[in-house]
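Notes for the one structure printed next.
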Amino acid sequence: MTIGVVGAGAWGTALAQAIAGDGSAVTLWAREAEVVETVNRDHVNTLFLPGLPLAPTITATGALDAMAGHEALLIVSPAQHLRAMLSRIPVGTTPLVLCSKGLEAGTMKLLSEVAEEEYPAAPIAVLSGPTFAHEVAAGLPAAVTLACADAALGGALAARFARPAFRPYLSTDVVGAEIGGAVKNVLAIACGVVEGRGLGQNARAALISRGFAEMTRFGLARGARAETLGGLAGLGDLVLTCSSTSSRNFSLGKGLGEGKSAAELMADRHTVAEGAFTAPVLRAAARAVGVDMPVVDAVCALLDGSATIEVVVESLMTRPLRSED
Ligand SMILES: NC(=O)c1ccc[n+]([C@@H]2O[C@H](COP(=O)([O-])OP(=O)(O)OC[C@H]3O[C@@H](n4cnc5c(N)ncnc54)[C@H](O)[C@@H]3O)[C@@H](O)[C@H]2O)c1
Ligand SMILES: O=P(O)(O)OC[C@H](O)CO
């Protein structure tokens with residue numbers, strides 16, 4: 001029995017590479033024929049992870065039927081395509097490990113809720129944390145949260161995926177792991193704006209801290225546990241993504257800060273900046289549970305062009321004074 005990975009963008013490919021690190025066979029489904037061809041022939045993903053040699057035990061396929069019969073399937077499609085992808089895979093009762101970060105537009109659902117709707121009989125786990133794909137694929141050390149309501153299954157999956165340079169920590173808090181990953185992408189856009197506009201390191205630290213307060217308020221309202229949000233999938237990933245132009249979300253924000261429009265920055269990109277899609281969904285989801293998320297609101301305004309950076313900064317800085325918690 002092998003592990004199957006659905007989605008051969010940078011992260012799906014990096015996860016396949018990490019799992020194949022002990023000689024395990026991995027089947028990697030790719031949407032692009034070029035990826036199938038170059039992974040199988042040259043052991044490299046030229047489109048999404050160029051320059052990183054891949055293990056020969058990774059077999060790429062363009063056939064979703066080939067994903068049947070695996071021990072577990074890692075789902076790594078962009079959040080807005082996840083439901084459509086799932087509906088085309090022969091899942092049955094195979095455990096699904098969700099590795100994407102976002103909320104579904106329209107329904108405002110967590111990806112685990114989407115997966116449960118599509119496959120009520122399939123156990124669901126979430127793998128999330130501070131992990132730039134190129135570092136994981138290069139074998140640099142990284143740690144993630146592996147969340148599964150069924151602790152025994154979570155433990156078995158973690159043991160199957162753990163490698164000397166890839167360390168999963170266990171949790172039963174699926175909701176917390178998902179909310180951490182979805183919210184941090186939006187906050188990374190805000191930190192990128194600070195960088196692009198030259199607003200300073202103090203402002204970035206304030207955004208990380210107050211952004212984490214927003215993540216926590218929203219997460220607790222949706223049933224997440226505080227310790228999950230303060231762990232790898234929440235605070236850990238927030239710190240990573242808010243600090244580096246290796247992040248597509250941070251880079252998108254940096255472009256906004258430099259004066260480019262979101263439309264300009266999103267045009268023609270073939271890699272995904274999930275925060276741009278998550279932001280308006282998160283704003284609506286937060287309002288639905290009565291949670292105030294001013295930094296998320298500010299990111300939405302910058303993305304849709306309804307406010308300038310100056311207006312957004314002034315409105316954040318002049319909000320009524322309040323207690324920090
Ligand atoms: N790249 C990372 O470092 C990283 C790390 C952790 C989590 N993630 C998450 O993994 C998910 C996938 O991101 P990525 O970085 O692997 O992608 P990517 O940006 O490297 O590649 C884009 C992916 O989108 C797919 N795609 C494009 N159009 C599609 C469609 N219509 N239907 C289905 N798939 C389509 C492509 O096939 C490709 O797999 C995202 O939710 C992301 O937040 C990424
Ligand atoms: O490049 P980003 O902003 O999608 O971030 C990648 C990962 O989610 C970091 O953990």
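Numbering starts at 1 and runs along the sequence shown. Values reported hereafter were calculated over all heavy atoms of this structure, with side chains retained and with hydrogens, waters and symmetry mates removed. In listed order, ligands and their atoms are each counted from 1.
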Ser100: numbered ligand 1 atoms lying under 4.0 Å from its heavy atoms
41 (O)
Can you find a heavy atom in the side chain of Leu103 that is under 4.5 Å from one in the side chain of Lys109?
no
Looking only at N/O atoms, are Val272 and ligand 1 under 3.5 Å apart anywhere?
yes
Using a strict cut-off of less than 4.0 Å between a Lys/Arg side-chain nitrogen and an Asp/Glu carboxylate oxygen, indicate whether Glu214 and Arg210 qualify as a salt bridge.
no
Looking only at protein heavy atoms, which one is nearest to atom 20 (O) of ligand 1, and how far off is it?
Ala10 N, 2.8 Å
Atom 32 (N) of ligand 1 has as its nearest protein heavy atom His81 CG, 3.4 Å
I need the minimum non-hydrogen distance between His70 and Ala66, along with the two atoms involved.
CE1-O, 3.0 Å
Enumerate the protein residues lying less than 4.0 Å from ligand 2, judged by heavy-atom distances, in chain and residue-number order.
Lys101, Gly129, Pro130, Thr131, Phe132, Lys184, Asp237, Leu240, Thr241, Ser246, Ser247, Arg248, Asn249
Presence of salt bridge, Glu274 and Arg248, under 4.0 angstrom:
no
Any N/O pair Arg31/ligand 1 closer than 3.5 Å:
yes
Distance-only, no hydrogens or angles: does the Asp42 side chain make a donor-acceptor pair with backbone N or O of Val44 under 3.5 Å?
no
List the closest protein heavy-atom neighbour of atom 12 (C) of ligand 1: residue, atom name, distance to the nearest 0.1 Å.
Val76 O, 3.3 Å
Any idea which protein heavy atom is nearest atom 8 (N) of ligand 1, and the distance to it?
Trp11 CD1, 3.4 Å
Of all protein heavy atoms, the one nearest atom 40 (C) of ligand 1 is Glu274 OE2, 3.2 Å
Below 3.5 Å, can you tabulate the donor-acceptor pairs from side chains in residues 174-196 to any protein atom, sequence neighbours excluded?
unit_1 : atom_1 : unit_2 : atom_2 : d
Glu178 : OE1    : Leu111 : N      : 2.9
Glu178 : OE1    : Ser112 : N      : 3.0
Glu178 : OE2    : Ser112 : N      : 3.4
Glu178 : OE2    : Ser112 : OG     : 2.4
Lys184 : NZ     : Thr241 : OG1    : 3.2
Asn185 : OD1    : Asn249 : ND2    : 2.9

Which ligand 1 atoms are under 4.0 Å away from a heavy-atom of Thr131?
3 (O), 5 (C), 6 (C)
Return a yes/no value for Met85: is any of its N or O atoms, backbone included, closer than 3.5 angstrom to an N or O of ligand 1?
no
Are any of the N/O atoms on Gly9, whether in the backbone or the side chain, positioned under 3.5 angstrom from an N/O atom of ligand 1?
yes
Looking only at protein heavy atoms, which one is nearest to atom 23 (C) of ligand 1, and how far off is it?
Pro78 CG, 3.9 Å
Ignoring hydrogens and angles, write down the donor-acceptor pairs under 3.5 Å from the side chains of residues 312-322, residues two or more places apart or on other chains.
unit_1 : atom_1 : unit_2 : atom_2 : d
Ser315 : OG     : Val312 : O      : 3.4
Thr318 : OG1    : Glu314 : O      : 2.6
Arg319 : NH2    : Asp292 : OD2    : 3.2
Arg322 : NH2    : Asp325 : O      : 2.4

State if Cys99 counts as touching ligand 1 under the rule of any non-hydrogen atom under 4.0 Å.
yes
Say whether Arg225 and Thr172, considering side chains only, have a donor N or O and an acceptor N or O under 3.5 Å apart.
yes
Are any of the heavy atoms in His134 under 4.0 Å away from ligand 1?
no
Is Phe161 reachable from Leu153 through a run of hydrophobic residues whose side-chain heavy atoms are each under 4.5 Å from the next?
yes
Can you check whether Ser77 has an N/O within less than 3.5 Å of an N/O in ligand 1?
no
Let's go through Glu71 and Arg160 carefully: what are the C-alpha distance in whole Å and the side-chain angles of both, what is the deciding distance for salt bridge (Lys or Arg N to Asp or Glu O under 4.0 Å) to 0.1 Å, and is it a yes or a no?
CA-CA 10 Å; Glu71 280 168 72; Arg160 188 70 180 80; 2.9 Å; yes
Ligand-residue contact atoms, ligand 1 with Ala8, heavy atoms, under 4.0 Å
39 (O)
Could you pull out the closest heavy-atom pair between Leu28 and Ala16, with the gap in Å?
CD1-CB, 4.4 Å
For Phe132, counting its heavy atoms only, list the atoms of ligand 1 lying under 4.0 Å from any of them.
3 (O)
Report yes or no: does Arg163 contribute a side-chain atom to a donor-acceptor pair with the main-chain N or O of Ala165 at less than 3.5 Å?
no
Nearest-contact summary for atom 3 (O) of ligand 1 - protein heavy atom, Å
Ala133 N, 2.8 Å
In terms of hydrophobic clustering (I, L, V, M, F, W, Y; side-chain heavy atoms under 4.5 Å; direct or indirect links), are Val136 and Val5 co-clustered?
yes
Non-neighbouring partners of Glu37 that pass side-chain hydrogen bond (donor to acceptor under 3.5 Å, both in side chains), sequence neighbours left out:
Arg41
Under 3.5 Å side-chain donor-acceptor pair for Thr46 and Thr38
yes
Closest non-hydrogen atom pair between Ala276 and Met266, with its separation
CB-CE, 3.7 Å
Count I, L, V, M, F, W, Y as connected when their side-chain heavy atoms are under 4.5 Å apart, and connections chain through other members. Are Val296 and Leu256 then in the same cluster?
yes
If the cut-off is 4.0 Å to any non-hydrogen atom of Arg248, which atoms of ligand 1 fall inside it?
1 (N), 2 (C), 15 (O), 18 (P), 19 (O), 20 (O), 44 (C)
Give the residue and atom name of whichever protein heavy atom lies nearest to atom 37 (O) of ligand 1, and the separation in Å to one decimal.
Glu32 OE2, 2.6 Å
Could you tell me, atom by atom, which parts of ligand 1 come under 4.0 Å of a heavy atom of Thr271?
19 (O)
Backbone or side chain, does any N or O of Phe48 fall under 3.5 Å from an N or O of ligand 1?
no
